[in-house]
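Okay, so here's the structure we're looking at.
Remember, it's 1-based here, ligands and their atoms both numbered in the order they're listed.
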Amino acid sequence: MPKVLFVTSEAHPLMKTGGLGDVCGSLPAALKGLGVDARLLLPGYHDAIRRAGKLRAVAQITIPPLAQPVTLLETVLPGTRVPVWLVDFPPAYDRPGNPYLNGYGHPWHDNAARFALLARAAVAVALDKAGLDWRPDIVHAHDWQTGLAPALLAREPERPATLFTIHNFAYQGLFPRDTLAALGLPEAFWSHEALEFHGDLAFIKGGLVYADRITTVSPTYAREIQTPEFGHGLDGLLRHRAEKLLGILNGIDDNAWNPARDPHIAARYSAKNFRPKQKNKTALQKEFGLPADARIPLIGLVGRLAHQKGVDLLLEALPRLMKLSVQLVLLGTGEAGYEKAIRDAAAQYRGRLAARIDYDEATAHRVEAGADMFLMPSRFEPCGLNQLYSLRYGTVPIVRRVGGLADTVVNATPEALKAGRATGVSFAEARPETLVAAVRRALALHRDPKVWRRIAATGMGQDFSWRHSAAEYLKLYDELIHSGSPRAGGSDGRSAKGSRGKRAR
Ligand code: ADP
């Protein structure tokens with residue numbers, strides 16, 4: 001069975017800011033269930049060390065250009081048997097809070113060095129140079145934070161195969177040109193065929209150009225990112241590597257997200273025993289200071305308050321939405337301007353719209369359980385997890401038909417309703433009017449309890465556990481292992497024209 005080293009900047013419950021943390025916290029355990037020897041390497045953040053159970057220092061490695069050695073701390077991912085190595089280097093990682101941003105919401109000034117260190121630690125473990133007596137067959141790296149790992153490994157004559165997964169293409173890890181020398185990276189990386197991207201160094205290109213295979217988290221997003229509309233200027237490179245690119249839908253941790261066993265919610269329920277869901281609605285209305293009315297439809301929204309998530313569309317649509325008979329509960333953090341606009345809206349529509357500007361896992365569960373509907377008007381969505389949680393919780397998703405949302409929510413068209421396949425409401429265009437129209441459509445369906453129950457039950461009957469997707473990763477790992485050596489080290493990727501991405505998540 002394959003030995004796989006997951007290299008990632010997040011893994012729930014040690015560290016999570018979004019879907020990346022969910023996936024790297026649940027996929028390795030699912031793979032382990034299939035017999036894969038999956039292990040994790042992630043930064044020894046202050047909070048990760050605090051949240052980990054017993055820690056044991058198992059290795060000290062010297063990683064140039066650092067003078068002091070780096071310690072690898074061994075533990076297991078809480079609640080699983082998946083081994084974890086935390087890269088302990090306090091000057092880089094001993095900071096509480098967000099792994100990418102400082103307290104002012106700006107990227108940490110040394111992010112390039114912090115994530116180059118993670119990649120170099122990955123190379124040391126991958127080549128069994130850390131004294132762990134374990135050599136992976138595959139290094140599975142995730143998002144820009146780990147992009148240098150496949151790039152550095154490609155320079156090694158004897159190396160494991162590499163796989164790079166894109167969880168969000170909008171974040172590319174762009175740094176000024178002089179970062180290359182400052183980090184002591186090979187000069188050969190400074191080329192359009194390598195990591196240069198319009199005059200910047202793009203960590204993500206390390207994965208896109210050099211990894212043996214690339215995946216992203218839904219089939220539709222895999223197609224979308226090869227187009228200028230979703231490609232953030234790198235669609236040309238992806239078209240060039242299209243044969244190596246595959247979309248595998250994310251699964252969910254169905255133990256953590258299970259309304260029949262959820263410890264965070266007021267009343268447990270299932271598709272067969274759906275009535276207690278009502279208690280969660282009442283509890284949520286009370287918690288958020290909304291009138292506890294069983295009949296008024298309650299829409300929930302949980303997520304990063306970012307342009308990606310269509311927050312601007314929602315804000316524009318609010319005057320029209322708030323004329324409808326509906327309540328809205330929002331939980332999120334993100335861009336300061338959106339946070340303020342939502343606070344203002346909550347004041348303006350008191351009693352109809354309630355918001356909590358916070359990041360809180362337990363509240364997220366209570367919103368999923370208590371709302372009747374869940375809104376995701378995303379401009380793009382690589383996979384999206386909240387709609388999957390919503391389906392599992394019988395909370396009918398209203399989504400924009402992009403990326404993973406298009407792959408997982410069956411729009412309640414007359415045909416889909418008749419065939420008993422409908423699981424939600426989806427809309428195509430990113431405009432406030434289409435959003436309002438979709439909500440109106442959901443409200444109309446909600447008026448007929450029998451129809452509504454059927455849609456919710458159909459959603460609850462879907463299997464979005466890791467069972468299928470982990471098997472797809474296993475198949476890919478097998479292909480990678482049997483594709484033979486010596487490793488070619490990815491392609492001769494080339495940079496593509498277009499817009500510039502953001503500097504850091
Ligand atoms: P993304 O990774 O783009 O942020 P996903 O839908 O893939 O979006 O995953 C988001 C994850 O982060 C979900 O598990 C969601 O519940 C969680 N999440 C986002 N914002 C919050 C918040 N404010 N409080 C609690 N959980 C949140």
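- Which parts of ligand 1 touch Gly303 is read off a 4.0 Å heavy-atom cut-off, strictly below it: atoms 19 (C), 20 (N).
- Which of Thr363, Leu388, Asp358, Leu305 comes nearest to atom 23 (N) of ligand 1 through a heavy atom is settled by distance: it is Asp358.
- To the nearest 0.5 Å, atoms CD1 (Ile398) and CG (Leu405) are separated by 12.5 Å.
- Considering only heavy atoms from C-beta on, Pro297 stays 4.5 Å or farther from Leu324 through its side chain.
- Here's the thing with Leu385: one of its N/O atoms is less than 3.5 angstrom from an N/O atom of ligand 1.
- Ligand 1 has no nitrogen or oxygen under 3.5 angstrom from a nitrogen or oxygen of Ala364.
- Judged by the 6.0 Å distance and 45° axis criteria, Arg356 is positioned over the aromatic ring of Phe288.
- Residue contacts with ligand 1: Asn168 is placed with no nitrogen or oxygen under 3.5 Å of a nitrogen or oxygen of the ligand (distance criterion only).
- With respect to the salt-bridge test (charged N to carboxylate O, under 4.0 angstrom), the residues Arg392 and Glu368 do not qualify.
- In this structure, Lys309 is part of the shell of residues with a heavy atom less than 4.0 angstrom from ligand 1.
- When the salt bridge (Lys or Arg N to Asp or Glu O under 4.0 Å) test is applied to Lys340, the partners found at least two apart in sequence or on another chain are Asp344.
- Here Lys16 has side-chain heavy atoms under 4.0 Å from ligand 1, and that is the only part of it that gets that close.
- For a threshold of 3.5 Å applied to N or O pairs, the pair formed by Asp360 and ligand 1 contains at least one separation below that value.
- Looking at Asp254 and Arg467, a side-chain N of the basic residue comes within less than 4.0 Å of a carboxylate O on the acidic one, giving a salt bridge.
- Checked against a 3.5 angstrom limit, the closest N/O atoms of Glu361 and ligand 1 fall outside it.
- Annotation: Trp257 places no N or O atom under 3.5 Å from an N or O atom of ligand 1; distance criterion only.
- Atoms of ligand 1 found under 4.0 Å from any heavy atom of Asp22 (numbered from 1 in listed order, with element): 11 (C), 13 (C), 14 (O).
- Classification of Arg431 and Glu316 as a salt-bridged pair fails, no side-chain N sitting under 4.0 Å from a carboxylate O.
- If you number the atoms of ligand 1 from 1 as listed, the ones under 4.0 Å from a heavy atom of Asn386 come out as 6 (O), 13 (C), 15 (C), 16 (O).
- Applying the ring-ring contact (aromatic ring centres under 6.0 Å, His included) rule to Tyr473 yields the partners His140; only residues at least two apart in sequence or on another chain are considered.
- Between Lys244 and Asp212 there is no salt bridge, since none of the side-chain N atoms of the basic residue sits less than 4.0 Å from a carboxylate O of the acidic one.
- At least one heavy atom of Gly384 sits closer than 4.0 Å to an atom of ligand 1.
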